[in-house]
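Quick note: residue numbers are just sequence positions, from 1. None of these values were measured; they are calculated from a predicted model.
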Amino acid sequence: MTYCVGMRLDQGLVFVSDTRTSAGVDNFAVSKKMFSWAVEGERMITIMTAGNLATTQSLISLLEERSVSGEDRDPSILRLPTMFQVARLVGDTLREVIADVSGAGQTAADQFSASIIVGGQIKGGKPTIFLIYPEGNFIEITDDTPFFQIGETKYGKPILVRAYDKSMGFA
């Protein structure tokens, strides 16, 4: 069971995730679900994942390989000019991973689905957050929808709806 939240406050962006993973009734484990990439003074990008663990690990591995390897590989989230372009790349990569697995003889593509929250800021742009669906399309955070949740969301949303205030502090 996963729970991740990304929210925009007046003071900046907040990302929260758990680490619990379940693969059956009695098979619980811990797995990282929040990943960050940074170029000091230029950009900070955070990705949180929920869904099929093999799919999300493949997504993060591909993004990492394309962005952090010693080679100048494109597309790379560390070189894209806007957060919108980062969200497009993450959505395209998620769609690629799901299509690769689904096309390998499996029939239920939804078994391999995942949802992603990606957010951050690139120098010159505003801090923002995107919710990426398993199909690769996405929506951006707005004043009307100031937070996104993925994973086991049914318990968190009522609390966030009642408690959220964009002027909240980080302390």
Side-chain angles (χ1 to χ4, degrees), residues 1-22 30-53 55-64 66-68 75-78 80-95 97-98 113-171:
M1 289 180 242
T2 296
Y3 184 69
C4 300
V5 177
M7 68 174 63
R8 185 176 64 193
L9 302 174
D10 289 343
Q11 292 184 10
L13 304 178
V14 176
F15 299 95
V16 180
S17 72
D18 69 354
T19 58
R20 188 170 180 180
T21 299
S22 63
V30 172
S31 184
K32 182 177 177 181
K33 298 175 189 155
M34 186 184 312
F35 307 87
S36 296
W37 291 263
V39 175
E40 192 171 330
E42 202 265 317
R43 70 182 61 215
M44 180 68 190
I45 298 167
T46 297
I47 293 176
M48 295 185 296
T49 64
N52 182 283
L53 187 57
T55 299
T56 60
Q57 287 180 343
S58 292
L59 167 77
I60 296 302
S61 293
L62 276 172
L63 292 171
E64 185 77 22
R66 294 171 179 171
S67 298
V68 184
S76 166
I77 60 175
L78 294 177
L80 291 171
T82 65
M83 284 302 299
F84 178 81
Q85 292 297 320
V86 169
R88 284 188 62 189
L89 175 61
V90 172
D92 290 348
T93 306
L94 177 59
R95 192 171 43 248
V97 168
I98 292 171
S113 71
S115 298
I116 310 296
I117 292 175
V118 59
Q121 184 173 15
I122 296 175
K123 189 175 184 178
K126 64 181 172 86
T128 192
I129 300 173
F130 296 89
L131 173 60
I132 302 176
Y133 298 104
E135 296 79 13
N137 59 332
F138 54 88
I139 57 175
E140 186 172 5
I141 209 160
T142 66
D143 289 338
D144 294 327
T145 307
F147 61 86
F148 291 133
Q149 304 175 96
I150 56 175
E152 192 65 38
T153 62
K154 64 183 171 244
Y155 302 111
K157 185 166 186 171
I159 295 167
L160 287 170
V161 166
R162 283 186 226 119
Y164 176 84
D165 180 349
K166 67 181 186 170
S167 64
M168 289 190 293
F170 290 141

For D143, what residues pass the side chain to side chain donor-acceptor pair (under 3.5 Å) criterion, not counting sequence neighbours?
R8
Within this structure, what is the [atom1]-[atom2] distance for the pair [X] and [Y], rounded to the nearest 0.5 Å?
X	Y	atom1	atom2	result
K32	D18	NZ	CG	14.0 Å
T49	I60	OG1	CD1	6.0 Å
T145	M7	OG1	CE	13.0 Å

Let me see the working for V86 and I122 under side chain to side chain contact (heavy atoms under 4.5 Å, CB included), right down to the final yes or no.
CA-CA 10 Å; V86 169; I122 296 175; 4.1 Å; yes
The salt bridge (Lys or Arg N to Asp or Glu O under 4.0 Å) partners of K123 (sequence neighbours excluded) come to none
Show me the donor-acceptor pairs, under 3.5 Å and distance only, between side chains in residues 124-132 and residues at least two apart or in other chains.
| unit_1 | atom_1 | unit_2 | atom_2 | d |
| --- | --- | --- | --- | --- |
| K126 | NZ | E140 | OE2 | 3.0 |
| T128 | OG1 | E140 | OE2 | 2.6 |

Nearest non-hydrogen partners of G6 and M48, listed with the distance:
N-CE, 3.8 Å
Name the residue from E64, M44, R43 that meets the side chain to side chain contact (heavy atoms under 4.5 Å, CB included) definition with W37.
E64
Residue pair L9, Y164: steps toward the side chain to side chain contact (heavy atoms under 4.5 Å, CB included) verdict:
CA-CA 9 Å; L9 302 174; Y164 176 84; 3.6 Å; yes
Would you say CZ of R95 has more than 12 non-hydrogen atoms from neighbouring residues, nucleotides or ligands within 6.0 angstrom?
yes
Heavy atoms, side chains only, cut-off 4.5 Å: are T55 and L94 in contact?
yes
Are M168 and V14 close enough, and set up right, to give a side chain to side chain contact (heavy atoms under 4.5 Å, CB included), and what steps lead you there?
CA-CA 11 Å; M168 289 190 293; V14 176; over 6 Å; no
Can you label the angle between the F138 ring and the F84 ring as parallel, tilted or perpendicular, going by 30° and 60°?
perpendicular
